[in-house]
Amino acid sequence: MEAIRSSWVSSTGDFVTRFEKDFAALCGTRSAIGVCNGTIALHLALLALDVRPGDEVLVPALTYIATANAVRYVGAEPVFVDVDPETWCIDPERLEPAMTRRTRGIIPVHLYGHPADMDAINHIAAIHGLWVIEDAAEAHLAHYKGRPVGGLARMGTFSFYGNKIFTCGEGGAVTVNDPHLEKRTRTLRGQGVDPTRRYYFPVTGYNFRLTNLASALLCAQLERHESIIARRKEIFLLYREQLAEIPGIDFQPRASWAEPAPWLFCITANADRFGRTRDELMDMLAEQQIDTRPFFVPLHTLPLQGGVAPSWRRAPRDGRPRRLGAQPAHLQPDERQRRRTGVRRDPEGGPCLVIVHGEACNMPGLWPLDAPVVIVGAGGFAREVLGICYDLGVDNRVAGFIDRQDVSHPDLLDGKPILGNDGWLAAQTESRLRFIVGIGDNPLRLRIARRLEAAGLHPATVISPRAIVSRFACIHPGSMICAGVIVNTNVTVGAHSIVNLNCTLGHDSILEPFVNLAPGVNVSGYVTLHEGVYVGSGSAINEHLEIGSWTIIGSMAAVNRDLPANVTAVGVPAKPIRTRPAGWQLGGS
């Protein structure tokens with residue numbers, strides 16, 4: 001009544017602010033952003049993370065259709081991953097086989113109120129440079145290892161539909177800790193308006209707002225959330241006590257680390273032991289005016305988008321709990337631990353060698369230094385690579401250099417022999433040698449990398465012991481991290497990229513394959529450098545920018561806006577001065 005009397009009935013009013021503050025406190029997050037329903041919450045989170053057509057998002061095969069629909073709303077493709085019978089949530093051990101180069105993120109669903117295994121999921125996502133969105137629509141105030149859901153990933157989403165624990169008929173929320181991501185989410189939610197300039201719209205936005213009246217209903221329930229949860233738990237306990245002795249009736253599993261939300265009370269019926277099928281049991285209860293409903297239909301069995309079947313990378317088990325008798329072939333404990341700590345093969349299939357000082361970061365491959373190493377190249381950068389090998393104490397394993405150019409060199413270069421040229425390299429098919437591409441020219445690195453790949457030869461990743469690399473960064477095969485480099489958390493460095501002396505990579509930035517940063521480059525947070533970008537020495541790139549593939553940025557440039565592909569940009573601020581045809585970098589390959 002207070003909300004009605006205030007006359008603020010739409011999306012402006014004190015109750016909107018109050019609800020967002022109270023709900024964020026319950027979720028343990030910096031902010032909560034009210035929206036008009038739970039599906040919109042997912043849609044908005046994907047928009048805020050800039051998910052685009054052509055991207056792939058891993059979602060559980062067993063969930064409500066809204067999870068997959070939201071992915072399709074932004075033009076991306078949901079890839080369905082089987083669930084773990086011990087939780088009914090997405091199986092962390094099935095994530096990596098489902099990944100491709102197009103995979104951008106994971107949406108675990110806390111199904112029927114039970115939390116997914118977020119630590120395992122977040123760890124795998126960090127290794128591969130993926131974001132994670134919690135779909136907590138059904139899990140209000142559930143806890144994972146003592147922590148409330150909604151604050152366990154990059155973003156969280158909730159629904160306040162009529163059948164949820166807290167409801168306003170239709171409503172939802174996005175939870176977030178990152179202030180930059182919060183600002184972008186709020187801007188997109190409110191028609192794209194600039195929060196500091198009325199009726200000024202710098203981006204295309206949406207009307208996804210929650211009303212003051214709906215917020216007031218939610219505030220009233222949050223005030224007594226303890227009694228609401230306690231009463232629902234009492235009812236759940238009564239159900240369990242009354243049904244415990246009935247043969248063939250089993251309950252939703254519960255992991256030892258989980259405190260599920262008391263949303264829907266779920267049972268499974270084994271027809272052989274119970275004497276009736278699930279549908280027969282539902283019909284019998286309906287005659288007693290007891291409402292029941294079936295489990296969600298596994299999404300990989302549905303004909304979505306006009307009859308086009310959804311895709312998956314590894315055909316999942318039928319995830320319906322009544323058929324969970326088909327157990328997966330679980331990994332042995334030692335192999336499971338290896339997979340979760342990043343000690344494994346490259347997910348794209350090929351083995352790689354990593355030369356690294358200690359456990360600096362997550363990497364897609366970690367192999368012992370079990371064979372001699374050859375440095376491809378005999379110039380200044382190749383000698384820098386050799387210097388890193390000296391720093392790492394593995395110089396004794398460097399067999400020598402390959403001189404690509406047909407020019408004369410001394411027999412020894414810095415004490416290591418010149419083994420030959422391109423012809424020698426071509427003859428090393430299936431060799432046990434490991435190769436470091438010690439050449440700074442990006443197009444040339446691309447061609448050499450493809451030649452190595454075609455010959456089945458193995459690229460090495462080299463990380464200087466004098467670099468500072470976050471444990472939550474992800475370094476891919478064939479890359480080089482030189483001395484004095486700082487790689488912050490959630491940074492991804494793509495295959496065959498070079499991060500030269502004294503560069504800084506801000507958090508949540510992405511370097512795609514074959515990116516080359518000259519010494520002293522500063523990359524701020526949330527920057528994406530697409531394939532083949534070269535950045536000259538001493539340049540700075542501001543946060544939240546995107547640089548198109550194979551673009552060249554001159555030395556000492558200051559980049560404060562997005563740059564398209566295949567241009568050369570120079571100056572302060574940097575401006576394109578030249579455009580090259582697409583595919584120029586492959587000329588002569």
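None of the values given here were measured: they were computed from a predicted structure.
Atom OH of Tyr64 sits in a sparse spot, with 12 or fewer heavy atoms from other residues, nucleotides or ligands closer than 6.0 Å. Surrounding NZ of Lys21 are at most 12 heavy atoms belonging to other residues, nucleotides or ligands under 6.0 Å away. The number of heavy-atom neighbours closer than 6.0 Å to CZ of Phe236, taken from other residues, nucleotides and ligands shown, is above 12. Other residues, nucleotides and ligands contribute only 12 or fewer heavy atoms inside 6.0 Å of the CZ atom of Arg466.
Here the shortest heavy-atom pairing between Val149 and Ala136 reads CG2-CB, 4.1 Å.
Between Phe160 and Phe23, the angle of the ring planes goes over 60°, which puts this pair in the perpendicular group of the 30/60° scheme. Below 30°, between 30° and 60°, or above 60°: for Tyr112 and Phe295 the angle between ring planes is above 60°, a perpendicular geometry. Ring geometry for Tyr144 against Trp257 counts as perpendicular: the plane angle is over 60°, on a 0 to 90° scale with 30° as the lower cut.
No side-chain heavy atom of Val81 sits less than 4.5 Å from a side-chain heavy atom of Val59. In this structure the side chain of Phe166 reaches within 4.5 angstrom of the side chain of Leu222, judged on heavy atoms. Between His544 and Val527 there is no side-chain heavy-atom pair separated by less than 4.5 Å. The shortest distance between side-chain heavy atoms of Met155 and Val132 does not fall below 4.5 Å. Residues Leu563 and Pro576 have side chains in contact (heavy-atom distance under 4.5 Å, counting atoms from C-beta outward). Within the 4.5 Å cutoff, the side chain of Ile165 has heavy atoms near those of the Arg232 side chain. Using a 4.5 Å cut-off on side-chain heavy atoms (C-beta onward), Ile498 and Leu517 make no contact.
Looking only at distances, no side-chain donor or acceptor of Glu134 sits under 3.5 Å from a matching main-chain atom of Val109. Judged purely by atom type and a 3.5 angstrom limit, Trp263 has no side-chain atom pairing as donor or acceptor with the backbone of His114. Judged purely by atom type and a 3.5 angstrom limit, Ser539 uses its side chain to pair as donor or acceptor with the backbone of Gly536. His110 places a side-chain N or O within 3.5 Å of a backbone atom of Ala116 that can act as its donor or acceptor partner. Under a 3.5 Å cut-off, the side chain of Asp91 and the backbone N or O of Asp82 do not form any donor-acceptor pair.
A salt bridge links Glu546 and Arg52; the closest N-O separation between the charged side-chain nitrogens and carboxylate oxygens is under 4.0 Å.
How far CZ of Arg94 is from CG of Leu58: 13.5 Å, rounded to the nearest 0.5 Å.
A ring pair (Phe, Tyr, Trp, His ring centres under 6.0 Å) with Phe514 holds for exactly one of His530, His476, His496; it is His496.
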